[in-house]
Every structure is written in C-alpha cells, then in structure tokens.
Amino acid sequence: MPKITINGKEIEFEKGMTVLQACELADVEIPRFCYHEKLSIAGNCRMCLVEMEKSAKPIASCAMPAAEGMNIKTNTPFVEKARKGVMEFLLANHPLDCPVCDQGGECDLQDQSMYYGVDKSRFVENKRQVKEKYMGPLIKTQMTRCIHCTRCVRFATEVAGVPEIGAIGRGENMEITTYLEKAMESELSANVIDLCPVGALTSKPYAFEARPWELKKTESVDVMDAVGSNIRVDTYNWEVKRILPRLNNDVNEEWISDKTRYSCDGLLKQRLDVPYIKKNNKLQKSNWDEAVSILVEKIKTLNPDEIGGHIGDMVNLENALSFKKFFSVIKSNNLEFREKNFFIDPSEKSNYIFNSSIKGIEKSDLILLIGTNPRHEATMLNARIRKVYAQKKVPIYSIGNPGDLTYDYTIIGNNTDDIKKILSNESNFSKILSSSKKPVIIIGESALELKSGKYLIEGFKKFLKNNNFINKDWNAFNFLPQNASTVGLIDLKIISKDEDKRNSFFEKLKNNQFKLLYLLGSDNLDIKKNNEFIVYQGSHGDRGAEIADLILPSAAFTEQNGLYENLEGRVQECKKASYPIGEALEDWKILNLILKALGKNENLLNFDSLRKEVLKSIPNFSKLNELPNFKDCELINTSPYFEKEEVNIKELDYFFTNAISRASKTMSECRQIKLTSKKTGTDNL
C-alpha cells in the first residue's frame with residue numbers, strides 16, 4: 001500500500017483516497033463545511049486547507065488525491081493563518097443570529113469559528129441580505145446565513161434523485177433556491193437540515209421548540225416501515241420534540257425519510273389516555289376495573305372459536321408474544337397480523353425476509369422489482385437502489401408499473417403470464433437474468449395478493465436455486481414487507497393457516513363469524529362491522545377506535561422498550577424515550593389485568609421472560625443488530641396454482657400509512673401538498 005507522511009507520522013492509505021481521508025486515518029481532524037462522506041466532492045468552502053511540502057500555497061485536502069511520498073502538515077502557523085482567512089471571509093456576510101438560530105449548539109460554523117475566528121472583522125461593508133425561500137412545510141429557510149457549501153444541492157441531486165435545489169447567480173449574488181419556489185417533493189427532503197453546516201436550512205416544525213442541551217437523547221429504531229432505520233429520539237420532559245437519524249451503514253446510512261422524522265408530532269395528538277366503553281351508541285370515559293370486567297364477562301360467555309385477534313403494524317415482539325399467550329389461555333387460535341390476504345409461507349425464514357440485505361444491494365449487478373413500489377413502501381431501501389443505479393448504472397427492471405422511483409427502469413411485463421415466461425426460460429429476460437452474477441429479485445405484497453402468489457414465491461425460488469443464485473455467499477430472493485412488525489410476527493407464528501380457506505381468519509371475518517374481535521394496535525384492517533363486539537387496544541383514536549365498543553389505552557412505540565425485526569430479519573431494540581400518557585399502560589401489562597380478572601394468575605406475563613422467549617423463538621437468530629444466519633431453502637415438489645392476472649401495484653397513501661402519521665399535523669400538510677401537485681400535474685412523489 002502507498003504511504004503518506006502526515007505531521008511527521010507515516011501512514012498507509014488506499015489508492016484513490018484524498019488527503020483529507022488520509023488525515024482521518026492518522027486521527028487528525030480537518031475542519032470542513034462542504035465536504036461530506038456520502039456526497040461528491042465540491043471543494044468550494046476551502047476550510048480544509050493544509051500545507052504540502054514544495055507547494056507555495058495551501059491545498060484543499062478534500063479535493064487533492066493522496067499520493068505516495070506526500071508530506072502533509074496540518075498544524076503549522078501557515079495553515080492556521082490560511083484557515084483564519086477563510087473563516088473571516090465566511091463570516092463577512094453571516095448575520096449574528098446565534099441567539100435566535102435553531103442551529104445554535106449544533107452548528108459547525110459556531111464550533112469552527114471558536115478555533116479559527118477572531119473577535120473583530122476588517123470588513124466595513126454592509127452585510128448582504130438574501131430573500132427567504134419557500135421549501136414546503138418541513139424546511140425553514142434563512143438564506144442570509146448560507147455559506148454556499150452546496151451540500152443540499154448535491155444531496156437532492158445525488159441521493160434523493162429529485163434535483164429540486166440548485167444555485168442561481170454568481171459570486172456574492174449566488175443564491176440556493178428551489179427555482180420555482182415550490183415545496184420540495186422528495187420523501188428524503190428534510191435530510192438537508194442535518195447536512196446544512198450553518199442555520200440556513202432548519203426544521204420548520206421544530207422551530208423555537210428547544211435547545212439541544214435541554215433534550216434527553218434516546219437511541220431507538222423507526223417503526224414507520226419495515227426498514228428499521230436507526231434513529232435518535234429527543235425528548236423534553238415526556239414530550240417527543242424531534243427524531244434524528246443515527247449512523248448505520250448497514251441499514252439507513254445517515255438518512256431517514258420525512259415520515260420517520262416528522263410523524264412524531266402525531267405522538268401528542270388524538271391520544272387515548274383512559275379506557276372508553278360504548279354506552280347508548282356513544283363512547284364514554286370509564287376506568288380499568290369496569291373496562292376489564294366487561295371484557296372478561298364477554299370472553300366467558302363466548303365459544304373460543306368465536307373470538308378473533310388482529311395485531312397491528314407497529315406492535316413490538318414482546319407485546320405480540322404476550323397477545324399470543326393470552327389467546328392460548330382463552331383457547332382461541334384465530335390470530336392474524338396481515339391487513340390484506342397476501343400469500344406467505346412461514347415454514348422457512350428465507351421465504352419472508354430480504355435475503356440479499358440492504359447493504360448487499362450495492363454488490364448487485366441486476367435488480368428486478370415484482371409488484372412493488374419501494375419508494376413508498378421502503379424509502380431507505382429505495383435510496384440504496386438509487387445509489388447503485390447512480391454509481392454503477394445497474395440495470396433495473398420491473399413487472400408492474402410503480403411510477404416515478406427517482407431512477408430509470410424498464411417495465412418487462414404487467415401480468416403473471418410474463419412472469420411464467422421468465423421462469424420457464426421462454427423470455428429474453430431469462431437469459432439476461434441467468435447471465436448476471438449477483439441479481440436481486442424483490443417481490444412486493446401487491447404481487448403476493450394475487451391468486452398466483454404461491455406460484456411466484458416457489459417459481460422464483462426454483463429458478464434462482466437452479467442458477468445457483470441462492471447460496472451462502474449470495475441469496476437473490478427477497479420479500480419486501482410494508483410494516484415494521486411483519487417479519488417478527490411471522491417468526492412468532494402469528495398467522496392463520498391458508499390451507500383450509502373456509503376456516504381462515506379472513507373468511508371468518510368476511511362472514512361475520514367472530515362475536516368478539518380484539519384489535520391490538522390494528523388500524524388498517526378492513527372491517528365491515530355487523531354485530532361483533534370490538535375491543536381496540538392502542539395508543540391513538542384512529543380507525544380501530546372509531547368502530548370499537550371497548551377501548552383500552554396503551555403506550556406508543558417511543559413509550560416502551562421492545563424488539564422489532566426489520567425486513568432483513570435483523571432484530572433491533574426500540575428503547576423507551578418517554579412515558580405513556582394518562583392512564584395508558586404497556587400492552588403486556590393490560591393483558592395481565594385481563595388474565596388476573598379471568599383468575600389465570602399462573603399465566604401472568606413478565607417482560608424479561610417475554611424477551612428471552614422471543615429471542616429463543618426467532619429462527620436463524622444470531623444476535624441483536626446482526627443479520628440472521630443463512631439456512632438453505634427447500635423446494636416443494638407440487639406445482640402451485642397459476643392464473644393469468646394483472647400485476648397492479650397498490651398505491652399507498654404515503655403520509656397516512658399508520659395511526660401516528662395520520663394524527664400528525666405535519667404529515668397532513670405534506671399530504672395536502674402532494675394531492676394539490678397531483679391535481680396540477682406537477683407531482684413528483
């Protein structure tokens with residue numbers, strides 16, 4: 001490996017590294033504003049100047065390729081003087097807004113001006129002023145503060161794939177703008193707030209809410225989709241003030257979607273804080289004793305087969321297991337988590353996870369989407385696909401039309417007959433797929449809702465197995481679930497068996513065979529209510545609570561500890577950042593109250609034992625935050641049912657997918673802008 005000398009210390013570096021990256025290997029910190037690890041190099045802030053032997057001028061370390069034998073110095077008076085000069089230029093037009101700026105306490109310009117700034121300026125000219133720009137309900141602008149680092153411009157173009165921000169004008173007249181002064185319509189837009197090294201772009205919903213040193217910071221995971229993005233929840237007293245991304249290169253890198261970041265105001269709205277009972281066709285406030293006794297009396301009068309349970313999209317594994325145990329105590333096995341009746345084969349873990357892994361997408365040389373729109377169903381996964389497309393021009397194909405995905409793709413069919421031709425090697429695409437080295441096949445829920453769902457799963461498994469695309473080094477078969485709880489609940493075997501169609505959960509629900517339906521955090525199940533007694537246990541007064549006869553208030557995901565399994569089968573911990581509101585309790589504690597009232601004290605639940613049992617129940621589990629162990633899949637001998645059908649990708653109401661986002665004022669504003677732009681024909685999302 002080539003060597004470079006930094007401050008008298010010889011360091012080995014990889015070919016292609018810049019001087020700045022080599023300095024980081026030597027544990028030397030270089031100040032920077034425009035440079036960012038995940039973005040292309042701009043080299044326009046000049047803060048990263050260093051001294052190079054035999055060079056009369058300081059060099060910009062972010063843009064200079066490291067070379068064998070270079071002698072770099074980063075802490076000489078020459079370098080310090082250069083950096084102080086750059087800082088003086090940057091502050092020449094920067095307003096003294098620190099006391100009222102939301103970036104205060106987290107500002108790169110503040111931090112670096114402490115090292116390289118001086119207490120007075122030699123500039124006597126008036127400071128320039130730039131008109132504020134409208135960027136939608138998420139981003140607050142104060143463009144007079146902008147230092148033209150262009151991080152936001154490069155992010156929008158390279159990562160988000162929606163080039164809505166750019167620069168106009170030159171020199172002192174240069175301005176960063178959205179050109180047409182409209183809302184940014186990328187679902188990753190608010191990441192520019194984290195990228196902005198000064199206070200030019202700040203969070204509009206969080207404006208003047210709190211200072212960073214007042215907030216309690218809790219590391220957690222996101223439950224808005226199945227990706228399991230790593231987040232940090234910032235709370236002030238018990239109130240969640242904001243959600244920020246945590247760096248995890250295996251999952252979400254350092255980005256999060258706007259829904260993940262801004263749904264948190266929904267944690268304060270439409271909350272259920274006391275039990276409610278329906279009397280005279282109206283929900284009335286009650287107490288735990290009365291609510292539990294009514295439910296227990298109802299359970300005692302019913303046949304176990306007349307009781308059904310449905311688990312929602314954001315329920316953690318411990319609470320789901322406690323619900324399953326509760327149903328085994330009352331001798332009912334009518335449990336389900338699917339909101340739509342799509343096909344799942346729970347016999348093997350590889351049938352229902354994203355086997356290639358999110359990071360593994362970067363190794364792929366071909367991607368095939370089947371009945372899925374990853375931009376809406378798993379935003380951060382889509383960003384990873386966009387990354388490989390932008391960097392390596394990986395060809396992307398789709399069966400079904402997903403709309404704008406921020407990258408180019410080729411539609412190779414719209415029905416199951418096209419899939420059959422691929423699997424039987426009658427299509428030209430079969431040769432393209434077979435000749436690839438590391439393909440990624442992504443099957444969405446829309447495809448598995450078809451009558452040929454089982455045929456798709458087994459057909460692609462067989463095709464990939466025959467072409468040696470399923471092995472320990474590479475597994476090309478991937479299922480893309482939409483909900484945070486899906487993979488974990490399949491692992492816990494909370495799924496009704498599809499073999500006997502007449503006795504399946506969905507048939508019984510359709511035929512109104514349940515006399516008591518218990519919804520655990522379930523708001524998206526399509527229920528045509530007849531005479532069922534519906535119990536809703538959840539955190540928000542949403543769709544489930546609207547049709548309920550009995551409401552039991554429980555904690556939201558930020559108010560309790562719990563494990564979630566993301567689409568890769570990676571088990572991650574969601575940590576308690578706040579406390580349940582009013583009389584609300586954690587789900588397993590509510591079930592304990594019911595078990596006590598039923599006189600089943602020997603079946604009472606304990607959180608620690610629930611967690612241990614959960615970890616034992618998960619197939620192929622390795623350890624927390626790690627991918628599951630590989631286990632080779634088996635093929636079935638029978639030919640699954642096939643029918644020629646259209647592959648229609650069901651459109652998600654992106655900003656309104658769950659109870660928390662539907663309660664959020666910010667998400668409502670984003671949705672309204674999206675609907676307006678659809679009507680006017682300017683929709684991008």
Side-chain angles (χ1 to χ4, degrees), residues 21 24 36-39 106 151 155 158-160 186-195 215 217-235 240 242-264 314 316-317 353-364 374-375 377-388 390-391 440 442 478 480-488 557-558 561-577 615 618 620-629:
Q21 289 169 321
E24 285 180 340
H36 192 276
E37 293 82 355
K38 305 289 182 190
L39 304 175
E106 299 172 312
R151 278 186 180 184
F155 174 83
E158 296 163 17
V159 180
S186 164
E187 65 291 334
L188 293 168
S189 65
N191 287 292
V192 298
I193 294 163
D194 297 333
L195 285 171
L215 301 171
K217 299 159 182 70
T218 309
E219 293 187 347
S220 191
V221 290
D222 171 48
V223 298
M224 296 292 134
D225 59 26
V227 174
S229 299
N230 286 213
I231 59 172
R232 193 185 88 195
V233 181
D234 287 1
T235 50
V240 176
R242 64 176 180 179
I243 285 175
L244 297 175
R246 271 192 300 137
L247 176 67
N248 186 332
N249 285 319
D250 293 334
V251 183
N252 59 306
E253 297 188 294
E254 54 190 276
W255 323 119
I256 51 173
S257 69
D258 292 349
K259 184 163 65 172
T260 298
R261 187 185 297 264
Y262 285 120
S263 290
C264 61
M314 297 185 288
N316 64 44
L317 291 175
I353 63 170
F354 201 91
N355 294 289
S356 302
S357 81
I358 297 170
K359 194 175 184 182
I361 291 171
E362 294 184 26
K363 298 177 192 170
S364 67
R375 187 174 180 187
E377 293 170 21
T379 304
M380 297 321 305
L381 182 107
N382 194 63
R384 197 71 74 128
I385 297 173
R386 153 104 196 141
K387 183 179 179 182
V388 294
Q391 291 179 356
V440 169
I442 303 173
N478 301 290
L480 179 56
Q482 293 177 9
N483 295 338
S485 60
T486 298
V487 175
F557 79 100
T558 54
N561 292 312
L563 297 175
Y564 287 87
E565 201 172 346
N566 81 340
L567 50 79
E568 308 165 288
R570 190 189 300 269
V571 181
Q572 302 181 110
E573 187 177 6
C574 186
K575 290 182 180 166
K576 185 172 184 169
L615 295 175
I618 295 172
N620 309 354
F621 176 70
S622 51
K623 59 181 182 179
L624 285 183
N625 305 314
E626 296 288 331
L627 290 171
N629 298 317

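Worth saying up front: this structure is predicted, and the values here are computed from it rather than measured.
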> Identify the heavy atoms of E377 and L480 that sit nearest to each other, and give their distance.
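Residues E377 and L480, closest heavy atoms: OE1-CD2, 4.0 Å.
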> Do you know the tightest heavy-atom contact between N483 and A226?
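Where N483 meets A226 most closely, the heavy atoms are O-CB, 3.4 Å.
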> Is the shortest heavy-atom distance from the side chain of R570 to the side chain of V251 under 4.5 Å?
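Yes, close enough: below the 4.5 Å cut-off.
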> Hey, are K259 and E187 close enough for a salt bridge, meaning a charged N less than 4.0 Å from a carboxylate O?
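E187 and K259: not salt-bridged.
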> Got F354 and I442 here, is their nearest side-chain heavy-atom distance under 4.5 Å?
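Yes, close enough: below the 4.5 Å cut-off.
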> Do the non-hydrogen side-chain atoms of E573 and N625 ever get within less than 4.5 Å of each other?
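Result no, sub-4.5 Å side-chain heavy-atom pair not found.
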> Measure the spacing between CG of L615 and CG of L563 and express it to the nearest 0.5 Å.
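The distance works out to 5.5 Å.
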> Could you measure the distance from the CZ atom of R232 to the CD1 atom of I256? Nearest 0.5 Å is fine.
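One gets 10.5 Å once the value is rounded to the nearest 0.5 Å.
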> Backbone N or O of H36 within a donor-acceptor pair of the K38 side chain at under 3.5 Å?
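Not confirmed, K38 side chain does not pair with H36 backbone.
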> What closest approach, in Å, do D258 and S186 show between heavy atoms, and which atom pair accounts for it?
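D258 and S186 have their closest heavy atoms at OD2-O, 3.1 Å.
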> Kindly check if the number of other-residue, nucleotide or ligand heavy atoms within 6.0 Å of NZ (K363) is above 12?
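No.
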> In the structure I gave you, are the side-chain heavy atoms of W255 and L195 within less than 4.5 Å of one another anywhere?
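Yes; the side chains approach each other to less than 4.5 Å.
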> Can you tell me how far CG of L188 sits from CE of M380, rounded to the nearest 0.5 angstrom?
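Result: 5.0 Å between the selected atoms.
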> Between CZ of R384 and OG of S357, what distance do you get to the nearest 0.5 Å?
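If I round to the nearest 0.5 Å, the distance is 8.5 Å.
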> Can you give me the closest heavy-atom contact between S364 and V440, atom names plus distance?
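Looking at all heavy atoms of both residues, the closest pair is CB-CG2, 3.5 Å.
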> If I take atom OG from residue S257 and atom CE from residue M224, how far apart are they, to the nearest 0.5 angstrom?
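These two atoms lie 8.5 Å from each other.
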> What verdict does the side chain to side chain contact (heavy atoms under 4.5 Å, CB included) test give for V221 and N566, after you've listed the backbone C-alpha separation in whole Å, the side-chain angles of each residue and the deciding distance to 0.1 Å?
CA-CA 10 Å; V221 290; N566 81 340; over 6 Å; no
> Can any side-chain N or O of N230 pair as donor or acceptor with the backbone N or O of G228 at less than 3.5 Å?
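Side chain of N230 to backbone of G228: a pair is present.
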> Start with the C-alpha distance between R386 and E253, add both sets of side-chain angles, then the distance that settles salt bridge (Lys or Arg N to Asp or Glu O under 4.0 Å), and finish with yes or no.
CA-CA 13 Å; R386 153 104 196 141; E253 297 188 294; over 6 Å; no
> Please check if any side-chain donor atom of K359 sits under 3.5 Å from a side-chain acceptor atom of N248, or the reverse.
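Not at all, the side chains of K359 and N248 share no donor-acceptor pair under 3.5 Å.
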> Assess whether side chain to side chain donor-acceptor pair (under 3.5 Å) is satisfied between R246 and N252, documenting all intermediate values.
CA-CA 8 Å; R246 271 192 300 137; N252 59 306; over 6 Å; no
> Distance-only, no hydrogens or angles: does the E568 side chain make a donor-acceptor pair with backbone N or O of I358 under 3.5 Å?
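Pair found, side chain donor or acceptor close to backbone of I358.
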> Flag the pair V227 / L567 as yes when at least one side-chain heavy-atom distance between them is below 4.5 Å, and no otherwise.
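Yes, close enough: below the 4.5 Å cut-off.
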> Under 3.5 Å, is there a donor-acceptor pair between the side chain of Y564 and the main chain of M314?
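At least one qualifying donor-acceptor pair exists.
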> Give, for atom CD of E219 and atom CD of Q572, the distance between the pair rounded to the nearest 0.5 Å.
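If we round to the nearest 0.5 Å, E219:CD and Q572:CD are 11.5 Å apart.
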> Quick one: do N191 and R261 satisfy side chain to side chain contact (heavy atoms under 4.5 Å, CB included)? Show the steps, please.
CA-CA 9 Å; N191 287 292; R261 187 185 297 264; 3.0 Å; yes
> Are the side chain of N355 and the backbone of N478 linked by a donor-acceptor contact shorter than 3.5 Å?
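A pair under 3.5 Å: no.
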> Between the side chain of S356 and the main-chain N/O of I361, is any donor-acceptor distance below 3.5 Å?
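No, S356 side chain to I361 backbone: no donor-acceptor pair under 3.5 Å.
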> Please give me the minimum heavy-atom distance between F621 and N629, naming the atom from each residue.
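Nearest heavy atoms, F621 then N629: O-ND2, 3.6 Å.
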> Show the nearest heavy-atom pair for residues N316 and N561, with the distance to one decimal.
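Smallest interatomic distance, heavy atoms only, reads ND2-O, 3.5 Å.
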